[in-house]
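See below for the structure under consideration.
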Amino acid sequence: MPDDRSEWYDPSAVETRWQARWEARGTNAYSTDELRSPERPFYNLMMFPYPSAEGLHVGNIYAFTGADVHGRFQQLQGHQVFEPIGFDAFGIHSENFALKVGTHPMELIPANVANFTRQLRRIGGMFDWAHTLDTTHPDYYRWTQWLFLQLYKGGLAERKEAPVNWCPSCMTVLANEQVVSGLCERCDSAVEQRRIAQWFFRITDYAQRLLDNLETLDWSETTKKAQRNWIGRSEGALLRFPVLGVEPTSDLLESVSESGEGKTREGHLLLEVFTTRPDTIFGATYMVLAPEHPLVDALTTSEQREAVQSYREKAARMDLVARKKEEKEKTGVFTGGYCRNPATGEEIPVWVADYVLMEYGTGAIMAVPGHDERDFQFARTFELPVPRVVAGPEHQADTPLDEAYTGPGRLVNSGDFDGMEVEVGKAKITAWLEEKDLAVARVNYRLHDWCISRQRYWGPPIPIVYCDRCGAVPVPEDQLPVVLPRVEDFKPDDSGVSPLARVREWYETECPECGSDARRETDVSDTFLDSAWYFLRYPSTDLDDVAFDPEITRSWLPVDCYIGGNEHAVLHLLYSRFITMALKDLGHLDFEEPFTRFRAHGLIIREGSKMSKSKGNVVVPDPIIEEYGADTFRLYLMFLGPFEEGGDYRDSGIQGPFGFLKRLWDTVVPVADLDGDDPDPDVERKLHQTIEQVTAQVPELGYNTSIAAMMEYLNVVRAEGRRARRGEVEPLIPLLAPFCPHIAEELWARLGHDESIFEGANWPDFDPVKTQEDRVTLAVQVNGKLRGTVELPTGAAEDDALALARAEPNVARHLDDGELRRVIYVPDRLLNLVVG
RNA sequence: GCCGGGGUGGCGGAACGGUAGACGCAGGGGACUUAAAAUCCCCCGGGCUUUGGCCCAUGUGGGUUCGAAUCCCACCCCCGGCACCA
């Protein structure tokens with residue numbers, strides 16, 4: 001019961017009181033036993049924040065509130081809702097900030113976490129604080145390391161060399177996102193490429209499954225689309241072109257064939273390319289190798305060696321991002337070498353050009369300038385021939401090409417295949433070359449294996465030990481965690497290896513297998529790995545002997561509803577799906593998709609742009625909550641616009657929701673002690689309509705319109721200064737409770753309820769009969785233009801409506817214009833009279 | 001360039017193909033007050049008007065329909081993502 005019977009609405013008193021009560025009663029916290037045997041479990045998840053030094057920003061609060069509203073709604077519908085929150089505190093972001101302010105992250109992070117926790121409690125989310133987590137805590141990353149070991153054992157983790165962006169001034173590896181048009185985003189120095197041995201997860205093995213399963217998921221369509229694009233499936237063929245004049249040494253054979261077969265033909269080395277247009281092979285007039293391609297040296301003739309060499313060096317110096325700028329002019333160098341086009345039998349020159357990327361396909365292409373825009377541009381630049389092999393509906397076989405033609409049509413200048421439609425030609429030509437063992441149909445994906453190595457300090461050490469005798473040896477599970485040591489000088493340096501490589505007493509160890517001297521892996525893992533499995537950990541944080549308990553996991557997962565930002569549409573969500581699938585295949589889970597339903601929230605805009613420190617348009621939430629209370633702030637944020645689209649934040653706008661809560665208080669408090677008398681019939685009808693609308697819209701995240709409906713209802717209750725009856729306002733409280741949990745609790749208690757409103761299935765039912773109007777206003781149109789309205793009983797007959805309409809002077813006047821030709825009657829809505 | 005999502009009053013936004021602008025902000029007027037705040041009431045897309053009404057209006061131009069913000073076609077603009085992926 002409320003102990004403070006204040007007559008006026010004092011948000012901070014109400015909110016402090018209820019937050020203390022939830023805490024004392026454990027309203028939102030589950031015991032381990034409760035987690036083991038839920039009856040109607042609902043796992044309500046939101047993306048956990050990175051605990052920055054600035055504290056929670058409005059964008060965080062917006063996302064969390066939207067998710068919390070959904071969770072509280074489910075709770076009021078009788079589900080047991082598990083709504084955890086935690087902290088994603090590892091990573092380059094924290095590390096750079098720590099370097100900047102000169103405080104060690106091991107001190108910075110706990111302070112930030114404490115501040116975030118205070119703010120998160122203040123906004124009134126139904127978080128289970130007994131099951132929170134922090135990815136930087138050894139109790140958590142021990143299991144992140146365990147996860148690495150499971151993938152390693154399952155053959156899904158491997159070490160290989162790969163190019164990375166390197167900033168020579170910051171002396172560190174940069175992610176692609178940190179390179180802005182070839183320059184380091186922080187210091188503007190030119191970024192270069194380095195090759196470093198790193199750990200990869202074989203996510204590409206799962207490409208097709210990741211793509212196929214999307215069909216089964218209830219996710220925002222935009223998110224699914226982003227994943228499809230990222231996976232980038234394309235169907236085509238691997239084609240093999242005999243290389244002329246090159247001795248097929250065993251070294252070369254080692255490096256050329258991706259498909260692992262048919263490396264030579266009649267003494268010729270075969271060059272493999274991937275194409276989606278095998279139908280255009282008769283138009284392949286030259287070949288292009290990526291500068292890094294292993295065959296470049298072998299193909300280059302002595303006359304060309306110097307030019308090729310300098311071109312390759314230039315390409316190597318360029319960063320990976322600037323390489324991919326499309327506006328860039330096409331550049332390249334002739335190697336001096338030739339291949340034979342297996343379709344035409346012609347000898348065609350082999351070039352090196354940076355528009356061909358080593359990481360896609362085989363790093364080599366057959367160039368068909370007539371029917372590929374890039375090849376066309378290149379051919380133009382270097383004055384290479386551009387034959388036509390596809391004719392569109394308006395073309396002849398000899399119609400010249402002044403741009404690449406990529407549309408549909410039939411094959412021309414293609415020997416026996418002339419006249420075939422492009423799609424037919426693809427299959428026929430592939431089959432023809434397959435017979436000669438020069439082709440194999442192939443699906444290629446844009447998706448790359450996931451590089452999880454970071455040459456940085458602030459992350460979980462990868463649990464591997466290198467032994468001269470045994471090679472790379474996984475750290476035994478019972479020796480986890482491999483604790484990240486406290487290192488005062490954690491600044492990255494020019495060596496290209498992690499700062500941990502400077503900590504001899506840490507990396508020197510003994511081989512777990514043979515006991516001889518060995519060295520720990522000094523790279524740490526990607527932050528995305530921390531967040532790729534955190535939802536599995538939440539319900540099991542009470543347990544320290546497993547990553548996640550099988551029984552608890554079966555009860556609560558997969559996640560019923562996940563809400564977060566679409567900026568994670570690809571990486572985080574794709575990695576989480578991959579890890580879940582891998583864990584299922586490895587026997588640790590019995591489901592393979594982690595998030596049954598996912599919705600992306602919109603962005604909050606202020607003064608025309610996204611809130612950011614540099615724009616100076618950020619809103620600091622604490623003073624607003626101080627002044628108006630968390631309930632008002634929550635309500636305002638949810639009222640701004642459709643949750644999935646975001647909204648425009650205006651400082652003065654908060655007055656609307658604040659006034660609404662004050663009026664609600666003033667309406668309910670005076671009637672709280674009265675016995676329930678029957679609602680006024682008109683008000684009751686509106687009440688049932690409101691319940692119907694809110695019940696339908698809240699689960700669909702239609703928050704702004706639900707709030708508008710409640711405002712409208714309160715306006716009806718208070719119309720012309722009338723005093724509410726108890727039965728009119730009591731059902732409104734649970735409708736509002738997901739948005740404004742504190743005031744809802746307070747008013748619920750004042751209405752005489754002893755238990756928390758969230759402790760029972762208190763969502764009200766509506767009676768469809770009671771939502772029905774008995775009289776309606778019918779719009780009357782003449783020739784489609786509104787000329788008046790008439791009021792009549794619901795479901796009135798057309799004749800009655802017509803008679804009434806004719807009696808309307810303004811309608812009658814317009815009917816004089818001619819003869820009534822047609823009557824369109826939509827019962828209870830509209831009558832349209834067509835005259836002419 | 002490609003893929004999403006959008007263009008509706010001064011502003012945020014509502015509208016199963018059926019009275020465009022719900023709900024709210026801002027603004028204007030009034031009541032209460034010595035005054036202010038708070039609260040309450042009224043007005044609030046534009047133009048014309050004999051105050052009965054009439055016309056225009058949902059990015060632009062066409063179309064379908066008795067009727068289009070909503071469906072179709074073409075185009076313009078804004079936001080977000082991807083971008084030499086063969």
Side-chain angles (χ1 to χ4, degrees), chain A residues 8 220-226 228-230 232-234 236 273-277 280 288 290 321 323-328 330 353-357 359-368 371-375 377-378 444-448 566-567 569-570 600 602-603 605 608-610 636 639-642 644-657 659-660 662-663 666 704-715 718 720-721 777-789 809-810 813-814 821-826 828-836:
Chain A
W8 64 89
S220 303
E221 205 45 51
T222 58
T223 312
K224 290 209 259 187
K225 188 76 194 173
R228 283 191 198 105
N229 289 345
W230 189 263
R233 180 193 150 99
S234 50
V273 301
F274 174 73
T275 181
T276 54
R277 297 295 305 273
T280 62
V288 186
V321 176
R323 260 283 290 276
K324 298 184 183 180
K325 281 282 164 224
E326 197 178 354
E327 313 86 67
K328 211 184 65 166
K330 292 278 179 289
D354 67 3
Y355 81 93
V356 173
L357 307 173
E359 69 261 25
Y360 187 79
T362 63
I365 60 158
M366 66 171 196
V368 184
H371 308 284
D372 179 283
E373 279 159 32
R374 297 149 302 178
D375 297 342
Q377 274 184 37
F378 189 85
N444 205 44
Y445 300 90
R446 182 190 166 280
L447 183 68
H448 286 47
N566 222 13
E567 67 274 18
V570 175
L603 290 178
I605 300 298
S609 51
K610 190 175 150 181
Y636 177 46
F639 186 60
L640 280 179
E644 291 175 75
E645 286 165 38
D648 203 337
Y649 188 98
R650 278 179 85 201
D651 296 359
S652 61
I654 199 167
Q655 294 302 337
F660 170 71
K662 280 193 288 193
R663 283 193 294 281
D666 292 344
N704 58 331
T705 47
S706 294
I707 294 165
M710 289 186 271
M711 289 176 166
E712 214 176 313
Y713 175 63
L714 188 65
N715 290 345
R718 291 167 57 89
E720 287 154 28
T777 305
L778 191 76
V780 181
Q781 297 182 339
V782 178
N783 287 341
K785 293 205 169 180
L786 185 74
R787 298 302 178 190
T789 59
N810 199 42
R813 199 156 59 83
H814 284 92
R821 296 189 185 276
R822 192 172 165 190
V823 177
I824 286 115
Y825 181 55
V826 183
D828 302 338
R829 299 224 62 134
L830 153 146
L831 182 70
N832 188 10
L833 308 173
V834 184
V835 296

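Within every chain, numbering begins at 1; the chains are lettered A, B, ... in the order of the sequence lines, protein sequences first and strands thereafter. Because the structure is predicted, anything quoted here is derived from the model rather than measured.
- The pairing partner recorded for B:U39 is B:A31, the criterion being a Watson-Crick or G-U wobble arrangement whose two distances lie under 3.5 angstrom.
- For the pair A:Arg829 and B:U19, the criterion of a side-chain N or O lying under 4.0 Å from OP1 or OP2 is met.
- Listed candidates were B:C84, B:C54, B:A86. Nearest to the side chain of A:Tyr355 is B:C84.
- Heavy-atom nearest nucleotides on RNA chain B were determined for A:Arg663 and for A:Ile654, and the one closer to the 5' end corresponds to A:Ile654.
- Rounded to an integer number of Å, the gap from A:Phe639 CZ to B:C23 C1' is 5 Å.
- Proximity of a side-chain donor or acceptor of A:Asn783 to a complementary backbone N or O of A:Val835 within less than 3.5 Å is detected.
- Among the nucleotides B:U19, B:A38, B:A14, the one closest to any side-chain atom of A:Lys662 is B:A38.
- The interatomic distance linking A:Glu720 (CD) with B:C41 (P) rounds to 10 Å, in whole Å.
- Along RNA chain B, the nucleotide closest to A:Tyr445 and the one closest to A:Pro642 are compared, and the more 5′ of them pairs with A:Pro642.
- Aromatic pair A:Tyr636/A:Tyr649: centroids less than 6.0 angstrom apart.
- At the phosphate of B:C55, OP1 or OP2 sits under 4.0 Å from a side-chain N or O atom of A:Arg787.
- For the pair A:Ser234 and B:A86, the criterion of a side-chain N or O lying under 4.0 Å from OP1 or OP2 is met.
- Searching all strands for a Watson-Crick or G-U wobble partner of B:G10 with both distances below 3.5 Å returns B:C25.
- Between the CZ atom of A:Arg446 and the P atom of B:C3 there is a distance of 15 Å, rounded to whole Å.
- Minimum atom distance to the side chain of A:Arg718 is reached by B:C40, of the listed B:C40, B:G53, B:C23.
- Close to B:U65, at under 4.0 Å from its OP1 or OP2, lies no side-chain N or O of A:Asn832.
- In this structure, of B:C66, B:A86, B:C25, it is B:C25 that holds the atom nearest to the side chain of A:Gln655.
- Remark: A:Lys330 is not positioned above the aromatic ring of A:Phe378, lacking an NZ or CZ atom under 6.0 angstrom from the ring centre and at most 45 degrees off the axis.
- Relative to the side chain of A:Lys330, the nucleotides B:C54, B:C84, B:C23 differ in distance, and B:C84 lies closest.
- With a 3.5 Å ceiling on both atom-pair distances, the Watson-Crick or G-U wobble partner of B:G80 is B:C3.
- In this structure, A:Asn704 reaches the B:A14 phosphate: one of its side-chain N or O atoms is under 4.0 Å from OP1 or OP2.
- Listed nucleotides: B:G4, B:A86, B:C84. Nearest to the side chain of A:Thr222: B:G4.
- Between A:Phe274 and A:Tyr360, the ring planes are perpendicular. Angles over 60° get that label, and only those under 30° would be called parallel.
- Between A:His371 and B:A86 there is no side-chain polar atom (N or O) within less than 4.0 angstrom of OP1 or OP2.
- For A:Arg650 and B:G24, the shortest distance from a side-chain N or O to OP1 or OP2 is not below 4.0 Å.
- One can place CD1 of A:Ile605 at 18 Å from P of B:G5, the figure rounded to the nearest angstrom.
- Side-chain proximity of A:Asp648 to B:U19, B:G24, B:G12: nearest is B:G12.
- Listed nucleotides: B:A86, B:C25, B:G18. Nearest to the side chain of A:Ser652: B:C25.
- For A:Met711, counting side-chain heavy atoms from C-beta on, the closest listed nucleotide (B:U19, B:C23, B:C3) is B:C23.
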